[in-house]
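A quick write-up on the structure given underneath.
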Amino acid sequence: MNLLKSYIFPRLVQWVIVILIGTTVTFIIPRFSPVNPVDVVMASLASYQTTDPQAMLKLKESLEDMMGLNENIFVQYFKFWGRLLKGDLGPSLARFPIPVIRVIGNAMPWTISLLLIATILGWLLGMVLGTFAAYYSHKSWSKILQVVIMALYPVPYYVMALILLMIFAYIFPIFPLFGGVGIGLKPSLSLNFILSVIKHGFLPAVSIILVSIGWRFMSQRALTSTLLSSDFIVYARIAGVRNRKILFYLFRNSLLPQATDLALSLGGIFSGALITEVVFSYPGLGQILYSAILQGDYNLVIGISVFSIIGVATGALIIDLLYPFLDPRIRYS
Amino acid sequence: MSSMNGSKLVVNGVTKIFKMGSGFSRINITAVKDISLEIDLAKGEIFTLAGESGSGKTTLSRIILGIIEPTYGKVLYRNKNIFAMKRNERRQFIKEVQVVSQNPFEAFNPLKKVESYLFKTAIRFGLARDKKGAIPHVEKALKAVGLSLAEINDRYPNELSGGQLQRVAIARSLITQPSMIVADEPVSMIDASLRMSIINLIKQLNEESKINFIYITHDLATAYYVSHKIAIMLKGEVVELGSIDLLTEPLHPYTELLRTSIPEPDPDKALEAIDKELVISKRNFDSDFACKFADRCPSKMKICEREEPKNYIVNGRIVKCHMYSNKGIKMTNSIQI
Amino acid sequence: MPIVSAKNLRAYYIVDVYGFKRTVKAVDDISMEINENEILGLAGESGCGKSTLMKVLLGLVIAPLKVLNGQVIYSFNGFEKNIFELSEKELENLKWEVFSYIPQGSMNILNPTRKIGDTFFDFMEPHMEKFDKKYVREIIIQHLGNLDLPAEILESFPHQLSGGMKQRVTIALATILKPRIIFADEPTTALDVVVQRDVIQLLKNIQKNSKNTIVLVTHDMAIHANLATRIAVMYAGKIIEIAQTKDIFKNPLHPYTKYLISSLPKIGDKTYKKSIPGAPPSLANPPEGCRFHPRCPEAKKECSESVPELIELETGHKVACFRIN
Amino acid sequence: MKIIKDLFKYDKRFSVGFIFVVLILFMAILSFFPPYDPTIPHTFPRDLSPSLKHILGTNSLGQDIFWILTIAVRNSLIIGGISAVISRTLAILIGSLAGYLGGRVDRVISTVCDSFVVIPRLPLLILFAFIFRGFLNPLSMAILLGFLDWAWPSKRYRSQILSLKESEFTNTARFSGAYTLEIIAEEHMPFLLSYVVADSISGFIWAIGMETSLSVLGLFDLSIPTLGTTIYWANYYKSMLLGIWWWIGSPVGALIITVIGLYLLSVGLGDFLDPKVRLQRLSK
Amino acid sequence: PPGIPRNETLILDQIFRYSIPHNFNVWTPVGITPTRQAFVFDTLWYIDQHTGEWINSLAAEPPKYNDDFTQMIVKLREGIYWSDGVEFTADDLIFTVEYLKAHEGLVWNADFNAYVDKVEKLDKYTVKFTLKEPYPRFHNLFTARYNACYIMPKHVWEKVEDPGSFDFFPPVSLGAYVYKDSDPSGYWELFERREDWQRTSVGVITGKPGPKYILTIFYGPSEKKVMAMLSNELDVLMDLDLEAFKALIRRGKYVRSWYKDFPWAYPDEIDMRNLSFNLEKYPFNIKDVRWALALALNIIELEENYVGGISRVNPIPHPATTYHMKYFHIPLKPWLEQLEIEVTPGEKFKPFDSNIPFELAKWARKQGYKVPDDPDKVIEMFGIGWWKYAPDVATKLLEKHGFKKENGKWLLPDGTPWKFSIIVAPDEEDAFRQTMWAVDQWKKFGIDVSMITLERNPFYAKNQTGDFECTTAWGVGGSPSASLDKWPYINGYHSRFYKPTGETQTLQNIIRLKDPEVDRIIDEMGAISPDDPKSYELTKDWIKLWTENMWTIVLTSFKKMITYNEYYWTNYPTAENPYGQPLYWFMGSRFVIPHFEKTGRK
Ligand SMILES: Nc1ncnc2c1ncn2[C@@H]1O[C@H](COP(=O)(O)OP(=O)(O)OP(=O)(O)O)[C@@H](O)[C@H]1O
Ligand SMILES: Nc1ncnc2c1ncn2[C@@H]1O[C@H](COP(=O)(O)OP(=O)(O)OP(=O)(O)O)[C@@H](O)[C@H]1O
Ligand SMILES: [Mg+2]
Ligand SMILES: [Mg+2]
C-alpha cells in the first residue's frame with residue numbers, strides 16, 4: 001500500500017504527464033511544417049486534373065472546411081483530445097476521409113511482428129556476443145568478431161538492405177524481392193501463410209539485426225569489461241564457479257542500462273523502420289509516418305505518434321518500476 | 001559559522017526501517033529503533049558504539065552523518081537538522097564531521113589513486129591552495145597512521161593492503177581537523193601494535209584538540225582503553241548506555257554475554273565452546289518476543305516475552321531490561337545523558 | 001609430508017607503467033610448510049605481505065604480482081605438484097575441493113545482484129557430484145545456523161546485510177564443502193565477540209571433524225591463541241618466527257613478536273600502552289639487513305648489515321634474529 | 001604524450017585505432033588543401049575505377065571521389081563529432097544529476113527527459129530545422145542535432161549512476177568535500193567512460209544519418225559533401241546497381257574506419273582507465 | 001500468384017504503394033491513383049497524345065454545342081454494360097453530373113456547379129447539358145488524356161449517403177477488366193479480363209484485350225525494379241533514372257524502350273522542363289537579367305554531360321513532342337531566328353541558334369550512336385535549336401543594370417555578391433540533372449548559385465508559396481493537352497488568380513506573373529471554341545510573348561524512360577510501331593494494353 005503510494009503512484013503520474021506533453025508537442029510540430037495537407041492534395045490534383053482555376057479554389061475551401069483546418073488551433077487541439085479519449089484519431093488528411101485508425105491498423109501487425117522479433121533478437125545477440133567477446137577477450141575469435149560487428153555497425157541501413165537483397169533475392173533467388181507475404185496469400189493460420197511471412201520477413205529482420213547489433217555489442221562489451229575486474233567476479237572464478245554462471249553474472253549485472261534501452265526501443269517500434277520498409281517494400285508503419293510527415297498529414301502523424309508515445313512512455317514506466325528488480329541496490333523512494 | 005551555534009549533536013528518537021526483499025514481497029527491518037543520544041561537542045568525547053553484528057551500528061552512524069535519512073526522528077547538529085541544511089551549512093558540517101567507513105576496500109574508488117582523496121580533502125576545505133601546498137598536511141596525516149606519502153603515492157586501492165587502506169581512510173578524516181569523527185571499525189584490519197598507536201593517536205587528538213569520536217568497534221578492549229561513554233546495541237536498540245566503565249560490571253545480560261565472550265590472548269585460557277542457545281536460538285530478523293534478547297537471556301522472565309522493557313536509570317546508566325524495573329528509575333522519554 | 005610446502009618463495013609486485021617503476025617485495029624468500037590437520041596462524045604487521053603470501057600459496061598470481069622464484073607444492077593422496085605448473089583443468093579441480101579461500105575484506109565479494117542463496121548454489125554446484133537443490137538447501141541452512149545466520153538471508157541481497165553478516169556468509173561459502181585447506185584472510189574483522197566466538201568454534205569443529213588444514217590470518221592475537229596450533233609471524237615480507245602457539249605466547253623470541261603480544265590492552269586496565277617505536281618499513285624499499293633493525297631496541301651492528309636466517313632452535317620453533325642465534 | 005606512447009607500445013588495439021583515427025583526421029585536414037575544387041562536376045571522365053591518378057576513382061558526376069571524400073569526412077566529423085559531444089555532455093550532466101540527486105529533481109528531470117524521448121525524433125527535428133532554416137551549416141547543424149539527442153543517453157547514464165551513487169566511495173568523496181558535479185565527474189565518470197565513448201560513437205553515427213535525412217527533406221543542403229550525402233548521391237546514382245563500388249564504398253569505408261578506429265580507441269582507453277586491467281596488461 | 005499463370009499475366013510497375021488499397025472512390029480529391037483508372041473506369045472521350053487521335057469512348061460521337069456554347073448534347077454508345085450486368089445509359093451520366101454537383105468536396109463538384117445549369121435525358125442514350133454561361137470547352141471535363149470525369153454507376157451510388165467515406169469497393173467496372181485481388185498493404189493489385197469484355201468501349205473499339213490478367217506491383221526502389229525486370233518478374237516499367245535505365249537496357253536480353261537504340265526513351269510526354277523564376281523577386285523581375293541568365297547557359301553541355309543526349313532541346317513554352325512540333329516549333333522557327341533583343345541601347349543581338357541539333361548529332365555519332373543524316377530527322381531527334389551560348393552578351397546585359405563582376409564573381413548593383421538558389425525535387429530525375437547543370441554553368445559564369453534538394457511535398461509547398469528564387473517545377477508556361485488547345489493550361493495565369501508571394505498559389509501561376517497582355521490572350525481564347533483557327537493563332541501569340549519576355553527559361557522536352565520486357569509480352573507501342581502512347585498509367589492506355597500479345601514463353 002505504502003509502496004503503491006510512494007513508488008508506483010508518482011511514476012504513474014509521470015507517465016500521464018509524459019504522454020500529455022509528448023502528444024501536445026507532436027500535435028503542434030507538424031503545424032509548423034510549411035507543407036499544408038490541403039495544398040498537397042491540390043498540387044496533385046492540379047497536375048492530374050483538367051479542372052479550371054475557379055473550381056480549384058472552391059474545392060480547396062470546401063476541403064479545408066471538411067478537414068476542420070479552418071478552425072482556431074486551440075479548438076482543433078481540444079477537439080483532438082475529445083476524439084482521442086474516445087479512441088478516435090480522426091481522418092487521415094492526405095487520404096481523406098479514411099480514418100487514421102484504419103491506415104495504422106493495416107500496417108501495425110507487420111511492423112510489430114517484424115520489429116518485435118528483430119529488436120529482441122538483436123538485443124539478445126548483441127548482449128550475448130558482447131558479453132562473450134569481453135569475457136574471452138584474449139581469444140582470437142573474439143577479436144575477429146569485434147572487428148566484424150563494428151564494421152557492420154556504421155553501414156547505412158539502405159546499403160546493408162540492398163546488398164542483402166542483391167545477394168539473397170537476385171543473384172541467389174532464395175528470398176522474395178518484396179512484400180510481407182506472398183502475392184495472393186490471405187491471412188490465416190495455415191502453415192503456408194506463416195512460412196511465407198517468415199520467408200518475407202527474414203531478410204528485413206536480418207538487416208535490422210546486423211546493424212542494430214553494433215551498439216548493443218559495443219556497449220555491452222564496455223560494461224562487461226568494467227565488471228570483469230570487480231571483486232565478486234574474481235572471487236567467483238577462484239571458487240571455480242562455472243563459466244556459464246560467470247557469463248550470466250556479467251550479463252545480469254550489466255542489465256540495468258541495457259534493459260532501459262530495450263524497453264524504450266520496444267516502446268518505439270510503433271514508429272516503424274522506415275528504410276528497411278522502403279528497401280524491402282515491407283508493409284510497415286515507418287513509410288506511412290514518413291510520407292505523412294511529408295504530406296503534412298497532421299492527423300496521421302499524431303495518430304502514429306500517439307502509439308509510439310504511449311509505447312515509449314510505458315516502456316519507460318515499466319523499466320522504472322523494474323529498476324529495483326534489475327539492481328536490488330536501488331532503493332524504492 | 002554563525003548559523004551553527006550550539007555545541008551539541010543530538011540524535012532524537014531516530015528510527016530506520018529498511019524494506020527488504022525484492023519487488024513486492026517484502027519484509028520490514030527495523031535496523032535502528034527509537035534511539036536518542038547526545039554528544040557535547042565542546043567537551044570532547046569518545047563515544048563507543050558496540051554491539052552485535054547487524055545491530056544497526058553502521059546504520060545509526062550513517063544517519064548521524066546524514067548519509068541515510070531516518071524513517072522517524074531527527075538529528076540536530078549545533079541546533080540544525082542535518083537533513084534540512086542549506087548548501088553551505090552542509091559543507092561546513094562535512095568539514096566538521098568526518099567519517100571513516102567500515103569496509104576500507106569499498107571506501108575508495110577502485111579507479112582512482114588513493115592519495116587523491118587526501119589531497120582533495122586538503123584543497124577543498126581550504127587548507128591548501130594546490131597540491132604542492134597540501135603535501136605537508138597529507139604527510140602529517142599519513143605519518144600519524146604509520147604511512148608515508150612515498151608509500152601510497154601513485155597507488156590504486158587494490159595495490160594497498162587492507163590495513164594500509166584503513167589507515168589511509170583514517171588519515172583522510174584527520175586532514176580537515178574536524179570537531180567530530182565517526183569511525184566505523186577503523187582499526188579492524190590493523191595489527192595489534194599499530195592498532196595501539198592509532199588508538200593512542202585518537203586519545204591524543206581527543207585530549208589535545210578536543211576532537212569527538214564516535215567509535216564503532218567490536219574490540220571492546222580498545223574501546224575501554226580510549227572511550228568515555230559506550231552504548232551497547234542489540235537489534236536496533238540501545239540496551240545499555242553509560243560511562244565506559246559499565247564494561248567491567250555490566251547490568252544488561254547481553255552486555256554480560258559480550259564481556260564474557262571476549263577472548264584472551266592466552267593459549268591456556270582457550271574459550272570454552274559457547275552455549276549454542278545463547279547465540280542463535282532465535283536470530284530472526286524480528287524477534288517473536290517483546291524484549292529482543294528474551295529468547296537467549298539466561299534470566300528471562302515471563303514479562304520479557306510480552307512487554308517491551310522500558311529504559312531504567314541504574315547507577316547513572318540506562319538499561320533496557322525488566323530486571324531493573326524495581327531497582328532503577330523509569331525513564332519516560334528519550335535518553336538524556 | 002606437509003600438505004603444502006613453500007620453497008624459497010619470492011613474489012614481488014612489479015609495476016612498470018608509463019615510466020614509473022616500482023617493486024614491492026611482498027613475499028621475500030619464504031620457505032614454510034603447512035601440515036595436514038593443523039591450524040596455522042599467520043600474524044604480522046599491516047602491509048607486511050600476509051595476504052600476498054596467501055594468494056601465492058593459492059596460485060592466485062595476477063599481474064602485477066609476479067613469482068620470481070620458488071615453488072608451492074601441494075601433496076595429498078599421492079598428488080604432488082607445484083601449483084604454478086598445473087594445467088588449467090588440474091587447477092580447476094583443486095578449487096574449492098582441495099582449497100578454499102576467504103579473501104580479506106570479504107564484505108564486498110558477493111555478487112550484488114544475486115541472492116545469497118543462489119550464490120551458494122553457484123559455488124557448490126560445480127563441486128558436487130549430485131546436486132539436489134532441496135537437499136543442498138538444507139545443508140546450507142544448517143551450516144548458516146552454525147554461524148548464527150538465519151535462513152532468511154538466503155533470500156536477501158548482499159547490500160541488505162550488515163558487514164558482519166556478509167563476512168559470515170563468505171566464511172560459510174568457503175567452509176561448506178569442507179575442503180582440505182581453508183585459507184582465511186582476516187575472516188572475523190567485522191564480527192562481534194559473541195559471534196566471533198561462535199565462528200572460532202565452527203572453524204575448530206570443522207577442523208576437528210574433517211582433519212583438514214586451516215591457514216588463518218588475523219590481527220587478533222587472542223584468536224590466534226584460541227585457535228591456532230602453530231603461529232607464523234611475518235615482518236616486511238619475511239617470516240621471522242614460527243612455532244607452536246604455546247611457545248610463541250610463552251616464549252616469544254623475536255623482539256617484534258614480543259611487542260605484538262605485549263601491546264594489547266585489557267578491560268579494566270587503562271594504563272598507557274606503548275606501540276612499537278618508529279614507522280613500519282616500506283616494502284618498496286626495505287631496510288638493509290634485518291628488516292626490523294631500525295625499530296629494534298636490541299639492534300646490533302650486525303643487524304643492519306646482513307639478513308638473519310630463519311633457524312630452528314627447539315623442535316618446531318624457528319626464528320630469524322641474530323640476537324638469538 | 002608519454003601515455004599515448006606507452007599505450008601504443010603495449011596495446012595493439014589502441015595503436016590500430018589510433019592509426020585509423022589519425023588517418024581520418026588526416027583526410028579531414030587534407031580537405032583544406034585540395035589541388036582543385038573537387039566539388040565541380042565533370043572535371044574528369046565519370047565512373048573511373050580507382051587508379052594512381054584517382055586513388056578512389058571518379059563518380060558519375062565526373063568528380064574525384066578522394067577529394068570529395070576529404071571534405072565529406074571533415075564535415076561529418078564536425079557534424080557527428082560536435083553533435084555527439086554536445087548531446088553526450090548534456091546527457092551526462094542531466095542524466096547523472098537526475099540519478100544522483102534523486103527525489104524531486106529526478107522526477108522533474110525524468111519527466112522532461114521522458115517527454116523528449118517519447119516524441120518521435122524525425123518530426124521534432126523537422127520542426128527545429130524549420131525554425132532554424134537558413135542558419136544551418138555543418139556546425140549549427142551539429143549543435144541542433146546535439147541538442148536533440150541527449151534524452152535517450154541521459155536515461156542510460158541515469159540508470160548507471162543510480163547504482164553507482166549507492167557505493168561507499170561516493171560517501172568518501174562527499175566527505176572529502178567534493179561537490180555533486182565533482183563526484184559525478186571524478187568518481188562516477190571513470191566507470192562510465194568506456195560506455196560513454198561507445199555511446200558517443202552511436203551518437204556520431206546517428207547524427208550523420210539524421211543529417212542526411214534532413215537534407216533529403218530540404219532542411220539542409222544536400223550539395224554539401226558529408227559522408228551521409230555522399231552515400232545519398234552514390235545511391236541516387238545507383239552506384240551499387242552499376243557496379244561503381246568505389247563510390248558507395250568510399251564513404252561507407254570511411255565511416256567504418258572512423259567507427260572501428262574510435263571503437264578500438266575506446267577499448268584501449270577503457271582498459272587504461274581500469275588500473276587493474278591496465279596493470280595486468282602492461283605487466284605482461 | 002497461385003492459380004494465375006505467369007504467361008497470361010501482364011505485370012506492370014505500380015509506380016507507388018497504395019496507401020489505401022481498397023479505395024476505388026476516385027471522385028474524392030485523394031482517391032485518384034494511377035494505373036487502375038484505365039482498367040475499371042471510363043469516360044466519354046479520349047485523345048491519344050501520341051497520335052492526336054480523337055476516340056469516342058462511351059460517347060458515340062464528338063460533342064455537339066449550340067452556337068453560343070450554352071448547350072452540349074452527347075450521344076452515348078449503345079450496348080455498353082457495367083461489370084455487374086447492368087446496362088450503361090444516359091441515366092448514369094446524368095446521375096454522375098447531378099451527384100457530383102450536389103456533393104461538396106468531391107472533384108468536379110466545383111466545375112459542374114460553375115458551368116452546368118441543367119442536365120437532361122433526351123432519350124436512353126442522349127443527354128443534353130444546359131450551361132450557365134457560354135463555355136466552349138465544357139467537354140474537356142469528359143475528355144481524357146491522363147484522366148477526366150469518370151462516370152458513376154447509378155445503381156451503386158444512388159444508395160451512397162456519404163460519398164466521402166464510401167470506398168466503392170469492390171468496384172463495378174466499366175472497363176475491360178475487373179478487380180480481382182489486392183494486397184491489403186498496397187504493394188500489388190490484380191485485375192482480370194471481363195468475361196463480357198465485348199460489352200465495353202474497349203471491346204468495341206480495340207477488340208479482345210491481350211492479357212487475361214493484369215498485375216501491378218510496386219517493387220520499391222528502382223534497384224529492385226531493375227532486379228525484378230531482369231528476372232522477368234516485371235513487364236513494363238514506368239520510368240527510371242538514366243543510370244538504372246542504361247544498366248537495365250544493357251543487361252536485359254529482352255528489355256527495350258520506345259526506340260530500340262539511342263535515344264531509347266519515349267520522347268513525347270507532353271510537358272517540358274524549365275527553370276522558372278519568382279518574377280517578384282529581385283533581380284529576376286528584370287527581363288534583361290533573365291535573358292542574361294539564359295544566354296550564360298550552354299545547352300550542349302547539358303545534353304552531352306548531364307542527360308546523355310536523350311532530350312530534345314526546346315526554347316519555347318510548349319512541349320516539343322513529335323505531334324506539337326509540327327504545329328508550333330517548326331512553324332515558329334523563322335520567327336525565332338529573327339528574334340532580337342536589345343543588348344545595350346542600339347545594340348541588337350539575335351539569340352537563337354538553329355545549329356545546336358546538328359552539333360548534338362555530331363557528338364552522338366562520336367559516341368557511337370546511330371544518328372540519321374536527314375536534317376529533319378536530326379531536328380526530330382534533338383529539337384529545333386536553342387539560345388546561343390553568349391556569356392559576353394549576358395555580361396553586357398547585366399552591366400546595363402548596374403551589376404558588376406569582380407574577381408570573376410558577380411556583384412549586385414548594391415555591391416553585395418549575387419547569390420541565389422534553385423529548388424528541385426531529386427526524384428524528378430531530369431529536372432534534377434538540369435539543375436545541376438544550371439548551377440555549374442552559372443557558377444562558371446560567376447554567380448554563386450546553390451541547389452536546394454527537396455522531397456516532393458516540401459518542394460510543392462515552396463512552389464505554391466513562392467518561397468523560391470528559381471525552381472524546376474513543371475507545367476510552368478502551359479503544357480497543353482493532347483489537343484492543340486492551350487487555354488485550360490494557361491487560364492491560371494490570368495491576373496484574376498494572381499496571389500502575391502507568401503500566399504499559397506495552388507494553380508499554375510507560381511512564378512507570380514501579372515501582365516495585361518497575358519490577360520488579353522487568355523480572355524480572347526476563352527471566348528472561342530478550341531477548334532477555332534483563331535485559337536491556334538492566339539496560342540502562337542502566347543508563345544511569342546512568353547519567349548520574348550523570357551519568363552521562364554525553357555530547356556528541353558519531357559521524356560519517359562519507359563522500359564518493356566519482351567519475354568512474356570510483345571507488341572508494345574514503340575517507335576517502329578507507334579500505334580498509341582505507351583504511358584500505361586494514363587487513362588488512355590485502356591486502348592493500348594489490349595494490343596499486347598503473348599509470346600507464349602513459359
Ligand atoms: N540497505 C539496506 N537494506 C536493507 N537492510 C539493511 C540495509 N542496510 C542494513 N540493513 C540491515 O540493517 C541491519 C543493521 O545493519 P548495520 O549495517 O547497521 O549493522 P552493524 O551494526 O553495522 O553490523 P556489523 O557490525 O556487522 O557491521 C542489518 O540487519 C542489515 O541486514
Ligand atoms: N596490487 C598491488 N600492487 C602493488 N603493491 C601491492 C599490491 N597489493 C599489495 N601491495 C603491497 O604489498 C604489500 C603487502 O600487501 P598485503 O596485502 O600482502 O599485506 P598484508 O600483510 O595482508 O597487510 P594487511 O594486514 O594490512 O592486510 C603492501 O605493502 C602493499 O602495499
Ligand atoms: Mg557495520
Ligand atoms: Mg591483508
Side-chain angles (χ1 to χ4, degrees), chain B residues 18 20-22 29 50-54 58 102-106 143 146 148 150-151 154 159-164 167 185 188-197 200 218 220-222 224-225 247-248 257-259 261-267 269-271 273-274 278-280 283-285, chain C residues 13 15 20 22 43-47 51 104-105 107-108 145 148-150 152 155-157 160-165 186 189-198 200-201 219-226 245-246 249 259-261 263-268 270 273-276 279-280 282 284:
Chain B
F18 284 115
M20 197 168 140
S22 69
I29 293 176
E52 202 177 19
S53 161
T58 303
Q102 183 172 13
N103 186 347
F105 290 97
E106 282 178 348
K143 196 151 171 268
S148 65
E151 209 162 339
D154 211 34
E159 293 179 72
L160 291 174
S161 80
Q164 287 169 332
R167 286 180 278 153
E185 308 201 19
S188 61
M189 296 186 188
I190 301 172
D191 64 288
S193 142
L194 252 173
R195 185 180 297 190
M196 274 329 290
S197 64
N200 285 334
H218 294 299
L220 297 174
T222 56
Y224 182 80
Y225 179 71
L247 280 180
T248 52
L257 175 64
L258 272 185
R259 200 185 66 103
S261 297
I262 299 173
E264 283 206 46
D266 182 348
K269 291 194 196 156
L271 278 175
I274 194 167
L278 283 179
V279 201
I280 42 163
R283 279 259 179 127
N284 239 325
F285 280 96
Chain C
Y13 292 99
V15 181
F20 306 106
R22 186 170 59 224
E45 185 149 61
S46 166
S51 302
Q104 192 175 9
M107 300 161 217
N108 59 332
D148 308 340
L149 291 172
E152 281 91 333
E155 301 303 318
S156 24
F157 289 99
Q160 295 167 328
L161 305 182
S162 76
M165 291 165 139
E186 308 199 17
T189 45
L191 303 182
D192 67 81
V193 282
V194 182
V195 174
Q196 183 178 312
R197 189 167 153 193
D198 217 34
I200 292 171
Q201 207 54 51
H219 292 299
D220 195 336
M221 291 314 282
I223 294 181
H224 279 303
N226 272 295
T245 308
K246 275 213 179 82
F249 278 92
Y259 270 118
L260 213 50
I261 289 167
S263 54
L264 293 165
K266 271 201 185 111
I267 289 183
K270 277 201 179 175
K273 295 279 175 206
K274 270 208 325 256
S275 50
I276 310 178
S282 152

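The chains referred to below are lettered A, B, ... by the order of the sequence lines, with proteins before strands, and numbering in each begins at 1. Quick caveat, the model's predicted, so the values are computed rather than measured.
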Practice item. For T245(C), check side-chain contact (heavy atoms from CB on, under 4.5 Å) against everything at least two apart and list the hits. Key: P267(B), A228(C), I231(C), F249(C)
Check your understanding: Which heavy atom in A222(C) sits nearest to a heavy atom in E264(B), and how many Å separate them?
Key -> CB-C, 3.6 Å
Exercise for review: Heavy atoms only: give me the nearest G162(B)-Q104(C) pair and the separation to one decimal.
Suggested key: CA-NE2, 3.6 Å
Point to revise | Minimum heavy-atom distance P263(B)-N226(C), with the two atoms named | key: CB-ND2, 3.3 Å
**Study point:** Contacting region of E151(B) [heavy-atom separation from chain C under 4.5 Å]
**Key:** side chain
Check your understanding: Looking at A150(B), S193(B), G54(B), G51(B), which has the largest count of heavy-atom pairs under 4.5 Å with chain C?
Key -> S193(B)
Check your understanding: Nearest heavy-atom pair of H218(B) and A190(C): which atoms, and what distance?
Key -> NE2-O, 2.9 Å
Point to revise | When N200(B), L220(B), T222(B) are compared by non-hydrogen pairs under 4.5 Å with chain C, the top option | key: N200(B)
Point to revise | Shortest non-hydrogen contact from V194(C) toward S261(B) | key: CG2-OG, 3.8 Å
Exercise for review: Flag this pair as yes if the NZ/CZ of K270(C) is under 6.0 angstrom from the six-membered ring centre of Y224(B) and inside a 45 degree cone about the axis; otherwise no.
Suggested key: yes
Exercise for review: Identify which of G44(C), G47(C), A43(C) forms the greatest number of heavy-atom pairs closer than 4.5 Å to chain B.
Suggested key: G47(C)
Exercise for review: Find the distance between OG (S53(B)) and CD (Q196(C)) and round it off to the nearest 0.5 Å.
Suggested key: 11.0 Å
Revision key, fill the gap. Interatomic distance, CG@D220(C) vs CD1@I262(B), rounded to 0.5 Å, equals 10.5 Å
Review point. What closest approach, in Å, do S188(B) and E186(C) show between heavy atoms, and which atom pair accounts for it?
Key: O-OE1, 4.1 Å
Check your understanding: Do the non-hydrogen side-chain atoms of L194(B) and E45(C) ever get within less than 4.5 Å of each other?
Key -> yes
Exercise for review: Could you grab the distance from atom CD1 of I276(C) to atom CE of M196(B), nearest 0.5 Å is fine?
Suggested key: 12.0 Å
Point to revise | Proximity breakdown for T58(B) and chain C, heavy-atom pairs closer than 4.5 Å | key: neither
Check your understanding: Counting heavy-atom pairs under 4.5 Å to chain C, which of L160(B), T248(B), I190(B) comes out on top?
Key -> I190(B)
Revision key, fill the gap. Cut-off 4.5 Å, heavy atoms of chain B, and the answer for S51(C) is neither
